[in-house]
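All remarks here apply to the structure that follows.
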Amino acid sequence: MILGEVSFMTRILRIAFSLLLGSTFLVAGELPRVFLLDAKILAAQKHSSTGPKDPLVIAARDAADKAMTEGPFSVTQKDITPPSGDKHDYMSLAPYFWPDSKNPSGPYIRHDGERNPEINKLPDHGNMGRLGRDARTLALAFYLTGNETYAARAALLLRTWFLEPATRMNPNLEFAQGIPGVNNGRPTGVLESQDLTNVVDAIGLLAGSKNWSAKDQKGMEEWFRAYVKWLQESPNGIGEGKAKNNHGTYYDIQLADFALFLGNPELARKVIREAESKRIASQVEPDGSQPLELARTRAFSYSIMNLRGLMTLAQLGKPLGVDLWSFKTSDGRSIRKALDFLVPFAAGQKKWEYQQITGFTAAELSSPLLRAAANYHEPRYEELADKLESSNDGVDVLLLHAALKN
């Protein structure tokens with residue numbers, strides 16, 4: 001497929017979304033209270049949907065039907081008890097640390113980018129990821145279709161993980177990414193709670209459901225309020241906030257997102273505005289490279305990961321009057337420059353010269369390209385994304401294409 005060619009299915013989907021979103025007349029009160037999903041796109045789709053045969057509705061329903069068979073999940077489902085003696089505490093192992101063959105009884109040592117299968121002995125990380133994904137998937141299907149069966153299942157997942165006394169998670173990550181023989185948990189483990197940003201959007205999508213009560217809402221707000229306090233005051237939380245690479249970026253995303261959920265836009269705005277200097281100016285070089293990510297053994301993947309994080313901060317900042325999309329230092333450091341550094345490699349115009357031990361997959365850049373196309377109104381980003389995409393029928397891909405027509 002040449003760069004400007006678009007598949008027939010993609011053309012059809014774009015025409016459909018263009019018709020659906022051509023006249024957006026929604027008032028603020030009709031918008032769902034979501035922060036990482038696009039509220040205007042979702043509301044327009046809900047009000048203008050062509051019904052059960054609509055591409056987005058089909059994709060959302062198919063994903064939700066699968067999620068109906070999974071979970072519920074709980075931190076109490078692990079066989080190992082955390083050092084606190086309380087299974088309600090989240091616990092995980094550092095993924096890139098392995099036993100030392102030269103010192104079997106000594107502390108684990110780091111092999112960057114190589115995941116130790118021992119981490120699977122502790123299911124909390126995987127389960128929290130599944131919880132966030134499935135709760136949002138089910139809540140989105142409810143929002144688009146009105147099917148309360150999806151809402152009931154989403155509510156069950158959220159109550160089980162956060163609210164029920166027998167199964168709830170304590171609002172901390174004290175024992176996340178522990179290294180055997182070194183520590184029981186560390187600041188980098190805070191990265192794992194990024195999955196909870198999906199939970200925040202799921203809660204917003206459940207508003208109005210008969211299966212989501214004021215008591216549920218209050219309980220979730222109390223949990224996240226306690227977790228934000230831990231993020232800001234615990235040694236692990238403070239340490240992650242000081243991280244200079246992608247860990248610092250995703251700490252900012254969590255703090256800003258959770259602050260918005262709790263009705264504290266001032267904190268969110270402060271975090272995102274400071275990201276101009278703390279993240280973009282310090283992480284991105286004038287040529288667009290990200291040295292701290294290029295130093296990793298999966299340099300392409302980590303560069304894209306941090307780029308996605310910067311774009312997410314830009315998305316959170318836009319309604320707050322903080323324009324990270326357009327922010328640029330005097331010597332040219334910016335989100336767009338970071339993207340443009342990666343584009344020639346994804347397009348096959350240049351050979352990747354850094355480490356990527358898991359294999360180079362250009363399609364990893366597809367989603368950032370679509371987000372950039374929508375915000376910078378640059379057709380070449382969309383054209384490259386179309387070339388790289390392996391599927392056009394997933395919910396997130398469809399939503400990104402819809403944003404291009406809004």
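These numbers were taken from a predicted model, which means no experiment stands behind them.
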Show your reasoning for whether side chain to side chain donor-acceptor pair (under 3.5 Å) applies to H377 and E382. CA-CA 9 Å; H377 309 290; E382 184 181 3; over 6 Å; no
Working for side chain to side chain contact (heavy atoms under 4.5 Å, CB included), residues F175 and S92: CA-CA 7 Å; F175 307 114; S92 66; over 6 Å; no
Go through the steps for E174 and W230 under the test side chain to side chain donor-acceptor pair (under 3.5 Å), then give the verdict. CA-CA 9 Å; E174 288 291 340; W230 182 86; 2.7 Å; yes
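Under the 4.5 Å side-chain criterion, counting only non-hydrogen atoms from C-beta, V343 is in contact with L369. For the pair L205 and L37, the minimum side-chain heavy-atom distance is below 4.5 Å. Side chains of I179 and P107 form no contact here, defined as non-hydrogen atoms less than 4.5 Å apart. The shortest side-chain heavy-atom distance between M305 and Q290 does not fall under the 4.5 Å cut-off. Between N170 and Y90 there is no side-chain heavy-atom pair separated by less than 4.5 Å. Side-chain contact between V57 and Q45 is present, with at least one heavy-atom pair separated by less than 4.5 Å. Proximity of H88 to T76: side-chain heavy atoms (C-beta onward) are separated by under 4.5 Å at one or more points. Taking the side chain as every heavy atom from C-beta outward, E70 and K66 approach each other to under 4.5 Å.
Considering OG of S193 and NE2 of H125, their distance stands at 9.5 Å, rounded to 0.5 Å. Atom CZ in R159 sits 10.5 Å away from atom CE in M220 (nearest 0.5 Å).
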Show the atom names and distances, to 0.1 Å, of all donor-acceptor pairs under 3.5 Å that link a side chain in residues 263-272 to residues at least two apart or in another chain.
| unit_1 | atom_1 | unit_2 | atom_2 | d |
| --- | --- | --- | --- | --- |
| N264 | OD1 | L267 | N | 3.2 |
| R269 | NE | L320 | O | 3.0 |
| K270 | NZ | E274 | OE2 | 2.9 |

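Taking the six-membered ring for Trp, W98 and Y108 have ring centres at least 6.0 Å apart.
Between F341 and Y354, the angle of the ring planes lies from 30° to 60°, which puts this pair in the tilted group. Ring geometry for F360 against F300 counts as tilted: the plane angle lies between 30° and 60°, on a 0 to 90° scale.
Ion pairing of R168 with E164 is absent here, as no side-chain N (NZ or NE/NH1/NH2) approaches a carboxylate O to less than 4.0 Å. A salt bridge is defined here as a Lys NZ or Arg NE, NH1 or NH2 lying under 4.0 Å from an Asp or Glu carboxylate O, and E285 with K337 fails to meet this definition.
Seen from the ring of F345, K351 does not count as a face-on cation partner, given the 6.0 Å and 45° thresholds. For the pair R296 and Y302, the cation-pi criterion (under 6.0 Å, within 45° of the ring axis) is fulfilled.
When every heavy atom of D195 is checked against every heavy atom of M128, the shortest pair comes out as CB-O, 3.8 Å. Nearest heavy-atom pair across N127 and S74 is ND2-O, 4.3 Å. Listed here is the closest heavy atom pair of D323 and S326: OD2-OG, 2.9 Å. Pairing each heavy atom of L191 with each of Y250, the nearest pair is CD1-CB, 3.6 Å. Annotation for F35 and D201: closest pair N-OD1, 2.7 Å, computed over non-hydrogen atoms. Among all heavy-atom pairs drawn from L231 and F258, the shortest one is CD1-CD1, 4.1 Å.
Exactly one of P368, S367, S366 qualifies for a side-chain contact (heavy atoms from CB on, under 4.5 Å) with I304. That residue is P368.
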